[in-house]
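Okay, here's the structure, questions in a sec.
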Amino acid sequence: MRRYGETAPSSPHAGPPAVAASASPPGAAPPQAAANAAGPRRGDWATLSRLFPYLWQYKWRVLAALTFMVCAKGANVGVPLLLKTLVDRMTPAGGATGAQVALVVPAALLLGYGLLRLSTSLFTELRELVFAKATEGASRSISLQVFRHLHALSLRFHLERQTGGMTRDIERGTRGVNSLISYSLYSIIPTLIEVALVLSILAVKFDVWFAVITGIALSVYIAFTVTVTEWRTRFRREMNELDSSAHSRAIDSLLNYETVKYFNNEDYEAQRYDERLERYRRAAVKSQTTLSLLNGGQQAIIAIGLVAMLWRATQGVADGRMTLGDLVMVNAFMIQLYIPLGFLGVIYREIKQSLTDLDKMFTLMEREREIADAPGALPLAVPAAGAAVRFDDVRFAYDPSRPILHGVTFEIPAGRTVAVVGPSGAGKSTLARLLFRFYDVDTPAAAGGISIAGQDIRGVTQASLRQAIGIVPQDTVLFNDSIGYNIGYGRTGATPQEIEAAARAARIHDFIQALPEGYDTPVGERGLKLSGGEKQRVAIARTLLKNPPVLIFDEATSALDSANERAIQSELQAVAVGKTTLVIAHRLSTVADAHEILVMEAGRIVERGTHAALLAAAGRYAQMWRLQQSESPDADAPEAAAAERPIFK
């Protein structure tokens with residue numbers, strides 16, 4: 001079993017068209033609109049040029065593979081030529097017997113025929129062996145770049161995305177790299193080389209009509225294939241869109257498993273999923289029908305061309321212009337040409353589909369980062385004495401039509417604690433998102449500035465900024481890994497002893513030790529095997545492990561019972577000593593000893609001061625305090641009693 005200090009190995013996976021995205025939050029753009037925002041599809045050559053640099057990293061392997069491919073096709077074309085010689089040598093002439101004919105057939109011809117057959121397979125395998133590293137290397141590079149780019153995109157993008165549909169596009173795009181290279185390098189280019197060689201041999205060795213008939217048949221075949229395949233592409237594209245839609249619907253439903261159960265909507269979800277499957281089925285049937293039409297037409301063209309060639313060769317033999325070996329050679333050439341061409345429709349369709357899939361992935365890679373480091377950005381410098389945080393006239397809106405913050409200004413002195421309280425929707429959590437630079441305040445929908453230790457956060461690197469800030473969020477989402485891994489995520493590379501120390505400080509060590517697998521216990525998808533309080537304590541532990549100079553507690557103890565809350569409050573109090581701390585809270589008793597309390601309503605600070613001063617002012621804070629005290633089980637206790645359990649001093 002993996003130790004909890006280790007990182008879980010990753011493994012690629014693919015699923016059937018039956019699972020995808022979490023629902024977008026209220027106010028987010030419609031997922032389909034977000035998906036279509038990428039713009040029109042680029043041309044095939046533009047997509048190929050985008051792929052080329054990834055392959056050219058392995059240029060020597062590419063050149064070697066092309067060399068082996070030409071050698072393989074040269075050997076393949078040589079087989080019918082040698083077969084013609086064998087047949088001609090075996091044909092009795094001048095009353096010779098079969099035994100006499102067998103004696104004059106050079107053994108070298110038979111050996112050469114076998115060697116050519118072997119060489120065709122040998123060079124083909126060498127080509128694939130040499131080029132495998134280039135193909136897999138390009139696929140790996142693209143996948144890693146997409147993964148990094150997705151993490152670099154803004155929170156807005158991730159709130160609007162459809163996870164299942166997006167992962168499906170990435171999966172198809174990665175697979176498209178292998179398919180495109182395989183079909184083009186292993187099928188199309190070799191076939192074109194062989195066609196050129198065969199037409200040259202037929203034109204030079206026999207009369208030009210052999211080359212003309214072959215050329216016409218191939219031209220008609222290719223034109224028919226391309227035309228019908230282009231027509232069929234829209235059906236295939238529709239299949240992919242419906243596949244992603246069904247995938248998204250299923251994952252959304254499975255991620256919200258408990259909600260489905262709460263409202264007894266299993267049949268409703270199955271019906272919605274089945275509607276998408278039915279649409280997918282109809283598109284798939286239509287696609288198969290058009291595929292049958294394509295295959296039937298191709299075989300008809302092949303048959304006509306083959307009959308015309310054999311008729312002319314037979315006439316040549318009858319007229320004495322050609323030998324029996326020539327007839328065998330022409331037939332062998334036609335078979336060798338038409339066997340790969342028989343798959344041209346499938347190959348062309350797959351290449352077009354691979355280009356479409358690659359284009360979607362490249363478009364995703366080219367999506368601009370909403371939040372990017374400024375040119376020449378330096379790491380955030382945090383003084384040893386601590387870092388003051390300042391919000392200066394910050395105005396912000398997720399959507400220009402709905403402003404969230406209206407000129408918010410306040411400062412958290414170094415090593416001090418400021419609490420922000422107020423009703424839901426007042427803009428409290430937005431402060432934390434802006435401080436982390438999930439959004440910037442210099443967008444058209446925002447203004448003002450945020451600084452840490454006198455440095456505008458827009459002028460420092462995002463990595464150093466986020467390294468300096470730790471957060472305990474209200475809604476904790478965990479990785480589907482062990483408890484130890486999730487705690488250790490606060491500082492990758494932490495020792496098991498350090499992880500255990502953080503767990504003890506978060507009052508969760510005893511609970512973990514009581515589990516059969518201890519710190520190796522898996523927490524399930526999004527940590528759903530743990531209760532809300534247990535997840536929150538894991539979040540507290542990993543923030544304690546990170547030990548940053550700036551802390552954000554966003555309802556850090558909201559999911560805990562009173563006994564654990566009081567115990568953890570003392571730990572948070574100790575952790576916050578000497579650190580700059582922003583506390584977002586609904587429960588006023590948890591922030592009564594903050595150095596300053598800000599009361600927000602509708603994106604504005606309506607009151608500020610210490611707990612005692614705000615109570616004396618008898619304003620909005622005092623009203624909220626009285627309301628919470630009247631709802632508290634300890635309502636009969638003096639007001640000061642609630643303040644005896646502060647987090648901060």
Side-chain angles (χ1 to χ4, degrees), residues 3-5 417 419 432 469-479 481-492 494-524 526-579 581-594 632-634 641-649:
R3 283 293 297 158
Y4 60 85
T417 297
I469 306 173
I471 186 171
V472 179
Q474 180 179 5
D475 183 19
T476 300
V477 178
L478 303 180
F479 291 98
D481 209 299
S482 68
I483 294 180
Y485 173 82
N486 277 282
I487 296 175
Y489 200 78
R491 179 159 52 87
T492 56
T495 64
Q497 292 75 22
E498 291 171 325
I499 292 173
E500 289 182 13
R504 289 179 188 278
R507 305 285 176 160
I508 196 174
H509 174 74
D510 292 341
F511 163 76
I512 297 173
Q513 288 290 80
L515 298 172
E517 296 181 71
Y519 280 84
D520 289 319
T521 302
V523 301
R526 297 184 298 154
L528 291 178
K529 288 185 178 181
L530 303 181
S531 70
E534 290 159 357
K535 287 198 296 182
Q536 205 155 39
R537 280 181 283 172
V538 170
I540 292 170
R542 67 185 177 191
T543 302
L544 297 179
L545 183 65
K546 184 178 182 181
N547 192 29
V550 179
L551 289 172
I552 300 174
F553 295 127
D554 187 357
E555 296 290 344
T557 59
S558 61
L560 301 177
D561 57 83
S562 298
N564 276 308
E565 181 184 29
R566 295 179 188 182
I568 289 178
Q569 280 176 1
S570 62
E571 296 293 343
L572 296 180
Q573 176 185 2
V575 169
V577 171
K579 298 183 184 299
T581 307
L582 173 65
V583 182
I584 298 168
H586 283 290
R587 203 174 307 171
L588 304 184
S589 61
T590 62
V591 297
D593 270 21
S632 170
D634 301 325
E644 291 176 357
R645 302 188 300 272
I647 300 181
F648 310 102
K649 292 184 179 178

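Position 1 is the first residue of the sequence, and the numbers go up from there.
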Fill in: side chain to side chain contact (heavy atoms under 4.5 Å, CB included) partners for A502, two or more places apart
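A502 satisfies side chain to side chain contact (heavy atoms under 4.5 Å, CB included) with I487, A541, L545 only.
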Worksheet item: Side chains of I552 and I469: does their closest heavy-atom pair fall under 4.5 Å?
Response: yes
Worksheet item: Is there a donor-acceptor contact under 3.5 Å from the side chain of R537 to the main chain of R507?
Response: yes
Worksheet entry | Spacing of L582 atom CG and F553 atom CZ [to the nearest 0.5 Å] |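 L582 atom CG to F553 atom CZ measures 10.0 Å (nearest 0.5 Å).
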Fill in: Side chain T492, main chain Y489, donor-acceptor under 3.5 Å
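Side chain of T492 to backbone of Y489, a donor-acceptor pair under 3.5 Å: no, none is there.
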Discussion item. Rounded to the nearest 0.5 Å, what separates atom CD in Q513 from atom OH in Y519?
Written reply: 5.5 Å
Discussion item. Suppose we screen for side-chain hydrogen bond (donor to acceptor under 3.5 Å, both in side chains). Which residues come up paired with K579, at least two apart in sequence or across chains?
Written reply: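 With sequence neighbours excluded, K579 shows a side-chain hydrogen bond (donor to acceptor under 3.5 Å, both in side chains) to N547, given in chain and number order.
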Worksheet item: Under a 4.5 Å cut-off applied to non-hydrogen side-chain atoms, are F511 and L530 in contact?
Response: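 The answer is yes, as the side chains (C-beta and beyond) meet within the 4.5 Å cut-off.
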Item to complete: Determine, stepwise, if the pair D554 / V472 fulfils side chain to side chain contact (heavy atoms under 4.5 Å, CB included).
Response: CA-CA 6 Å; D554 187 357; V472 179; over 6 Å; no
Practice prompt. For T543 and I471, indicate whether the former's side chain and the latter's backbone hold a donor-acceptor pair under 3.5 Å.
Written response: yes
Practice prompt. Measure the spacing between NZ of K529 and CD1 of I483 and express it to the nearest 0.5 Å.
Written response: 10.0 Å
Practice prompt. Supply the atom-to-atom distance I512 CD1 to R504 CZ, rounded to the nearest 0.5 angstrom.
Written response: 10.0 Å
Worksheet item: What's the verdict on side chain to side chain contact (heavy atoms under 4.5 Å, CB included) for R542 and L478, showing C-alpha distance, side-chain angles and the deciding distance?
Response: CA-CA 11 Å; R542 67 185 177 191; L478 303 180; 3.7 Å; yes
Worksheet item: When you measure from the side chain of E534 to the backbone N and O of S531, does any donor-acceptor pair fall under 3.5 Å?
Response: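 Yes: the side chain of E534 pairs with the backbone of S531.
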Discussion item. Less than 4.5 Å apart, side chain to side chain, heavy atoms only: is that true for E517 and P522?
Written reply: yes
Fill in: Side chain N486, main chain F479, donor-acceptor under 3.5 Å
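Checking the backbone N and O of F479 against the side chain of N486, a donor-acceptor pair under 3.5 Å is found.
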Discussion item. Using every non-hydrogen atom in the two residues, find where A506 and L544 come nearest and quote the distance to one decimal.
Written reply: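 So the two residues come closest at N-CD1, 4.1 Å.
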Worksheet item: Looking at I584 and A432, what are the two nearest heavy atoms and their distance?
Response: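 Here I584 and A432 meet closest at CD1-CB, 4.1 Å.
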